[in-house]
Amino acid sequence: MARTITPSAADLPTRTTFDALRAIMQRDAWFRGCAPELQDALLAYGRERRLVPGERLFSQGEPDGGLYALTTGSLTVESVDAEGQMPVLVVLGPGHWFGELSFTDGLPRSHDAVADVASTVWHVDRHRLHDWLELHPGHWRDIARLAVGKLRVVYQVVDEEMRGPLTQRVARRLWLALQGWGWRRDAPQCEVRWSQSQLARMLGTSRGSVNRALGELQGLGAVRVRYGVIEVVDLVRLRNACDAKPPARPTPQAGSRLDAGLAPQTGMPLVRGLSVTRRGPKRQ
C-alpha cells in the first residue's frame, strides 16, 4: 500500500502567515485550481525570501532550486544574448507562480529573475515537494497544467509578434499582463508597474517607439501613463486596440493614379503597395 506524506503541524506556517499567503496565492487561477492537499504542500514546504531592488533570485544556467510564487513586488525575467543585450521575457507581479520548467525536467535555469523593487517570494523546496509528488503522483498533472498554461501564452505571443503594428502589439502585451499571463482572466488588474524601457525590451524595439505607441493608446482613452506605471482606464478601448485593423486603402477612382497602378506622390509603378524607385522600395 502506498505511503502517504501529510505536512505536519510543524511544517505549516503560523495560522496568520498561512492565511495571508493563501489569500495572496488564491489570486492566481492555477493555485485555485489545485487540490487542497497540494495547496497545503506548497505552503508547508516553502519559505519566504526577501529581495532588494536589483537582487537576483536565480541566474541563467543555475541548477533547479524549486518552485516560486511572487507575493509582493515585481520581478523581471530576462536573459543575455550573444551580443550582450538583455531582452525581457516577462515582468511578473504578485500571485504569479514560476520555475516549473526546471523543477520538472531538472535542467538549469533558462533565464535570470531579478527584483525590480523590494520584493518577497515564496520558495518551495524542490526535494521536499518532489518526494511528496512521488507519493501523490496524480498531482503532477497540476504542475503540467502550470507549464501548459504558459505554453499557450507563448504561442499567442509568437503569433502576435508576426503581425500588426507596434501600437497593437503593445496593447496585446498589456492585455496579457493584466490577466496575469492567462491565470487571472476573471479578475484582471488595472495597472502594470513597468517602465517603458522594460516594455521596449519585451517587444524588441526602442523606448522611443514604445513611448509613441503608448501615446497613441493614451490618445484613444485606453491607458494613462505615469512614471513606472501604465494604468488602464478603459478595458474595452484597450481590447479594441488589440484587435484594431489597419486603415482601409482608398478605393481607386477611374482615371486616377491608383487606378493606373501609379503611386500618388511619385507617379512610379506600384508593387505590393510600395512605390518602386531606382533605390528600391520606399521605406514606410
Side-chain angles (χ1 to χ4, degrees), residues 5-53 55 57-58 65-77 90-101 103 113-126 128-130 132-133 136 138-150 152-153 174-194 228-232 235:
I5 294 179
T6 302
S8 67
D11 283 324
L12 293 170
T14 63
R15 173 53 55 185
T16 301
T17 303
F18 185 92
D19 290 343
L21 280 171
R22 189 182 289 276
I24 292 172
M25 293 174 184
Q26 285 288 344
R27 301 176 189 173
D28 184 77
W30 174 77
F31 185 84
R32 289 199 307 274
C34 294
E37 53 267 33
L38 176 56
Q39 292 184 8
D40 286 347
L42 292 169
L43 293 172
Y45 301 140
R47 63 181 179 85
E48 185 178 83
R49 179 172 170 185
R50 297 181 180 275
L51 304 172
V52 299
E55 184 177 354
L57 176 62
F58 53 74
L67 280 179
Y68 297 90
L70 182 63
T71 54
T72 65
S74 172
L75 284 177
T76 292
V77 180
V90 68
V91 179
L92 304 178
H96 199 99
W97 284 86
F98 58 103
E100 71 283 350
L101 293 184
F103 175 80
V114 184
D116 301 314
V117 296
S119 303
T120 307
V121 297
W122 188 250
H123 176 203
V124 183
D125 182 77
R126 177 181 187 272
R128 299 187 74 187
L129 187 57
H130 258 280
W132 187 86
L133 287 167
H136 304 82
H139 295 291
W140 270 109
R141 181 178 179 277
D142 283 314
I143 305 300
R145 190 167 55 86
L146 180 59
V148 169
K150 294 179 183 178
R152 287 184 179 276
V153 173
L174 290 173
W175 185 262
L176 275 175
L178 293 171
Q179 298 192 27
W181 306 100
W183 293 113
R184 201 178 299 150
R185 290 190 174 94
D186 55 341
Q189 297 171 269
C190 62
E191 65 180 29
V192 291
R193 295 189 172 274
W194 295 350
V229 177
I230 304 169
E231 178 188 0
V232 176
L235 280 170

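Just so you know, these numbers come straight off a predicted model, no measurement behind them.
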Determine all donor-acceptor pairs shorter than 3.5 Å in which one atom belongs to a side chain in residues 65-72; sequence neighbours excluded.
from, atom 1, to, atom 2, distance (Å)
Thr71, OG1, Thr120, O, 2.9
Thr72, OG1, Thr120, N, 3.2
Thr72, OG1, Thr120, OG1, 3.0

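A pairwise comparison of heavy atoms in Ser119 and Gly73 identifies OG-CA, 3.5 Å as the closest pair. Here the shortest heavy-atom pairing between Arg128 and Ala44 reads NH1-O, 4.4 Å. Closest approach of Glu191 and Leu178 over heavy atoms only: N-CD2, 3.8 Å. Closest approach of Ser74 and Val117 over heavy atoms only: N-CG2, 3.7 Å.
Expressed to the nearest 0.5 Å, how far NE2 of His139 lies from CG of Leu42 amounts to 10.0 Å. Going from atom NE2 of His96 over to atom CG of Leu75 covers 10.0 Å, rounded to the nearest 0.5 Å. In this structure, the separation between CZ on Phe98 and CG on Leu146 is 11.0 Å, given to the nearest 0.5 Å. To the nearest 0.5 Å, the span separating CG on Leu129 from CG on Leu38 amounts to 7.0 Å.
Between Trp132 and His136, the two ring planes are parallel [angle under 30°; tilted spans 30° to 60°]. By the 30° and 60° cut-offs, the orientation of the rings of Trp97 relative to Phe31 is parallel.
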Worked verdict on Arg145 versus Cys34 for side-chain contact (heavy atoms from CB on, under 4.5 Å): CA-CA 10 Å; Arg145 190 167 55 86; Cys34 294; 3.8 Å; yes
Verdict with reasoning, Leu43 to Met25, per side-chain contact (heavy atoms from CB on, under 4.5 Å): CA-CA 10 Å; Leu43 293 172; Met25 293 174 184; 3.7 Å; yes
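Not a single donor-acceptor pair under 3.5 Å links the side chain of Thr76 to the backbone N or O of Val91. Remark: the backbone N or O of Leu174 is not paired with any side-chain donor or acceptor of Trp194 at under 3.5 angstrom. Arg32 places a side-chain N or O within 3.5 Å of a backbone atom of Arg27 that can act as its donor or acceptor partner. Listed for the Trp30 side chain is a donor-acceptor partner under 3.5 Å among the backbone atoms of Asp142.
Taking a 6.0 Å sphere around CZ of Arg22, one finds it holds more than 12 heavy atoms contributed by other residues, nucleotides or ligands.
Applying the ring pair (Phe, Tyr, Trp, His ring centres under 6.0 Å) rule to Phe103 yields the partners His130, Trp140; only residues at least two apart in sequence or on another chain are considered.
Among Glu48, Arg47, Arg49, the one residue that satisfies the side-chain contact (heavy atoms from CB on, under 4.5 Å) test with Val121 is Arg49.
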